[in-house]
Undergrad: 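Below is a structure I'd like to ask you about.
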Amino acid sequence: MTFNDKVIYQIYPKSFLDTNGDGIGDLLGITSKIPYLADLGIDMIWLNPIYPSPQHDNGYDISDYKAIDPIFGSFADFDEMIRVGKKYHIEFMLDMVLNHVSTEHEWFQKALAGDKYYQDFFIIRDQPNDWLSKFGGSAWAPFGETGKYYLHLYETTQADLNWRNENVRRELIDVVNFWRAKGISGFRFDVINVIGKDQQLLDNPVDGGKSEYTDKPIVHDYLQMLNQSTFGQDNSSITVGEMSSTTIENSILYTRPDRHELSMVFSFYHLKTDYENGDKWTKMTPDFAKLRDILHVWGKKMSDGKGWNALFWTNHDQPRALSRFVDTDHFRVKGATMLAASEHLSRGTPFVYMGEEIGMVNPDYQSIEDFEDIEAINAYKMLLKSGKSETEALQILQEKARDNSRSPMQWDSSKNSGFCTGKPWIALGNHPDINVASEKNGEIYSFYKKLIQLRKDQEIISKGSYIPAFEDSDSIYAFIRSLGKEKLLVLNNFKDQAVSFKTPQEFNKADILISNYDNYIPGYLQPYQSIALILK
Ligand code: NOJ
């Protein structure tokens, strides 16, 4: 499958639709909504982890790679989901968390029990080095009663796997092939650029160890090997690597077709533009100039270097972009459609995060009790300790916590917004009026549909190169796509104020391909207006 004209929809399974009343979304819920997603026009659904897990990190702590957690359903439900998907020409992408396993995984348990073969599956040392866990504190925890320590770059119960061990690699290849045989053609590889730790495990007081384990050259070898022994054997596979603190140069190498590594990468710099002094747990208006520059640099360099970006504004680790970048009290609809245009008309593969197509906003949880994520709870404690009041700490969580995008999908105006009949595992948001029933024929949903279709109809969108435009503008994020004789100028006003600009002369006679306002006055953009001008 070529993937340039495809659009992927991300489902956070726990929060999509519950059909058995246990308050947790399930596979049957997903299957029942395939016709809805087919109407939207998407090609593939990415599911966050659905494997057995103690759920310390919501499924990213896997205890069995080759099974389905009963909270989500059975293999029969899974097969049915794939079958219905095929009927509607929708394929599935599974989350492959191959950097670490849960400490409840059989491999870790055997290692703890003294089995040397399995001890070699992990990174175990007599003494910890100074590396920091991404979830706070040291990246090392005591390995049972042995007096030794094991590495966990994430939560304590997520033990990093030793990719240098050939037996580990063989097991992981087997995992990917297991799911291929079950009809899976898409794979999202979790934090895949940190699998190749430097062998020496040296201290690094400057960056908490990041440069010792991120983007090491050996990651490229591992990906080529994985590609060759698994998904690279299917013409139709689509893969995306989640890249932690990566570089553009490496991202080009990860995705350039002749390298046979991955189809595309997720990077996150554009979503750190509201981190005050680099600190996520702060309240800050996004820095537009920084955002614009990051999008331009990544857009252009990836285009010039023949790499490929995964395009997204929101995922399960981010607050909802609409609440982040837009004055939703006054411009929710125009803001949602502007963000959509700025993503879907760009170069790369767009990902729609569940609820984005109806303009869902952050849940605005009013109490710390509403938050479920371990990261948010740790951050709340840390903020109080640093002297913030409970109200201030809560306000920061309301803007930054990952739970902001994990609140349940809102289907209609019935109890729990139609998500479940029982007690939901996580609180519903405080904006029940925004739901599929009320938005399905509305402006945002229809605009998404149009954008998804346009990518299929217009090669300039799926294949054109990316050239930055209006690079100094304080309000407009603009770029030109170019393919053969055709050119497409895309202008997006990120501000709640109208703005004027000078249309580049060559576009004076261009046609409007799409706009989120009914009228367009040349040289003038209304608040959050997007317009795409095409020159044939
Ligand atoms: C990235 C995932 O998206 C996130 O949810 C998870 O906590 C970490 N990787 C660790 O697996």
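Worth saying up front: this structure is predicted, and the values here are computed from it rather than measured. In what follows, every heavy atom counts, from backbone to side chain, and hydrogens, waters and symmetry copies are set aside. Whatever order the structure lists them in is the order used to number ligands and atoms, beginning at 1.
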Undergrad: If the cut-off is 4.0 Å to any non-hydrogen atom of Tyr154, which atoms of ligand 1 fall inside it?
TA: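 In order of numbering, the contacting atoms are 10 (C).
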Undergrad: Which atoms of ligand 1 have any heavy atom of Glu242 under 4.0 Å away?
TA: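 That gives atoms 1 (C), 3 (O), 9 (N) of ligand 1.
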Undergrad: Using atom types as modelled and distance alone, determine if a side-chain donor or acceptor of Glu91 lies under 3.5 Å from a backbone N or O of Met44.
TA: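 Between the backbone of Met44 and the side chain of Glu91 there is no qualifying donor-acceptor contact (under 3.5 Å).
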Undergrad: Determine whether more than 12 heavy atoms belonging to other residues, nucleotides or ligands lie under 6.0 Å from atom NZ of Lys301.
TA: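 Count not over threshold, so no.
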Undergrad: Could you list the atoms of ligand 1 found under 4.0 angstrom from a heavy atom of Val191?
TA: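 It comes down to these atoms of ligand 1: 9 (N).
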Undergrad: Heavy-atom contacts under 4.0 Å between Arg188 and ligand 1: side chain, backbone, both, or neither?
TA: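 Arg188 to ligand 1: side-chain contact only, backbone stays beyond 4.0 Å.
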Undergrad: Angle class for the Tyr65/Trp107 ring planes (parallel below 30°, perpendicular above 60°, tilted otherwise)?
TA: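 Tilted, since the angle between the ring planes falls between 30° and 60°.
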Undergrad: So if I count the atoms of ligand 1 from 1 in the order they appear, which ones are less than 4.0 Å from some heavy atom of Asp317?
TA: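 Here the atoms of ligand 1 in question are 1 (C), 2 (C), 3 (O), 4 (C), 5 (O).
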Undergrad: Just by distance, do the side chain of Thr273 and the backbone of Pro286 share a donor-acceptor pair under 3.5 Å?
TA: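 Not confirmed, Thr273 side chain does not pair with Pro286 backbone.
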Undergrad: With atoms numbered from 1 as shown, which atoms in ligand 1 lie under 4.0 angstrom from a non-hydrogen atom of His100?
TA: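 Counting from 1, the qualifying ligand atoms are 10 (C), 11 (O).
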Undergrad: Could you identify the single nearest non-hydrogen protein atom to atom 6 (C) of ligand 1 and state the distance to 0.1 Å?
TA: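 Protein heavy atom with the smallest distance to atom 6 (C) of ligand 1: Asp57 OD2, 3.3 Å.
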Undergrad: Any salt bridge linking Arg402 with Asp57? Criterion: basic side-chain nitrogen under 4.0 Å from a carboxylate oxygen.
TA: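 Yes, this pair counts.
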Undergrad: Assess whether a salt bridge exists between Glu372 and Lys14, defined as any Lys/Arg side-chain N lying under 4.0 Å from an Asp/Glu carboxylate O.
TA: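 No, Glu372 and Lys14 are not salt-bridged.
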Undergrad: So, Arg188 side chain and Val240 main chain: donor-acceptor pair closer than 3.5 Å or not?
TA: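 The answer is no, because no donor-acceptor pair under 3.5 Å joins these two groups.
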Undergrad: Can you pull out the closest protein heavy atom to atom 11 (O) of ligand 1? Residue, atom name and distance to 0.1 Å, please.
TA: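 Its nearest protein heavy-atom neighbour is Asp190 OD2, 2.8 Å.
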Undergrad: Look at Asp279 together with Lys272 and state whether they make a salt bridge at an N to O cut-off of under 4.0 Å.
TA: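 No salt bridge links Asp279 with Lys272.
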Undergrad: With a heavy-atom distance limit of 4.0 Å, tell me whether Phe135 approaches ligand 1 through its side chain, its backbone, both, or neither.
TA: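 It is the side chain that touches ligand 1; the backbone stays farther off.
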Undergrad: Against ligand 1, does Arg402 come closer than 4.0 Å with any heavy atom?
TA: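 Right, Arg402 reaches ligand 1.
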Undergrad: Below 4.0 Å from ligand 1: does a non-hydrogen atom of His56 turn up there or not?
TA: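 Not so, His56 does not reach ligand 1.
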Undergrad: Determine whether any heavy atom of Glu155 lies closer than 4.0 Å to an atom of ligand 1.
TA: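 No.
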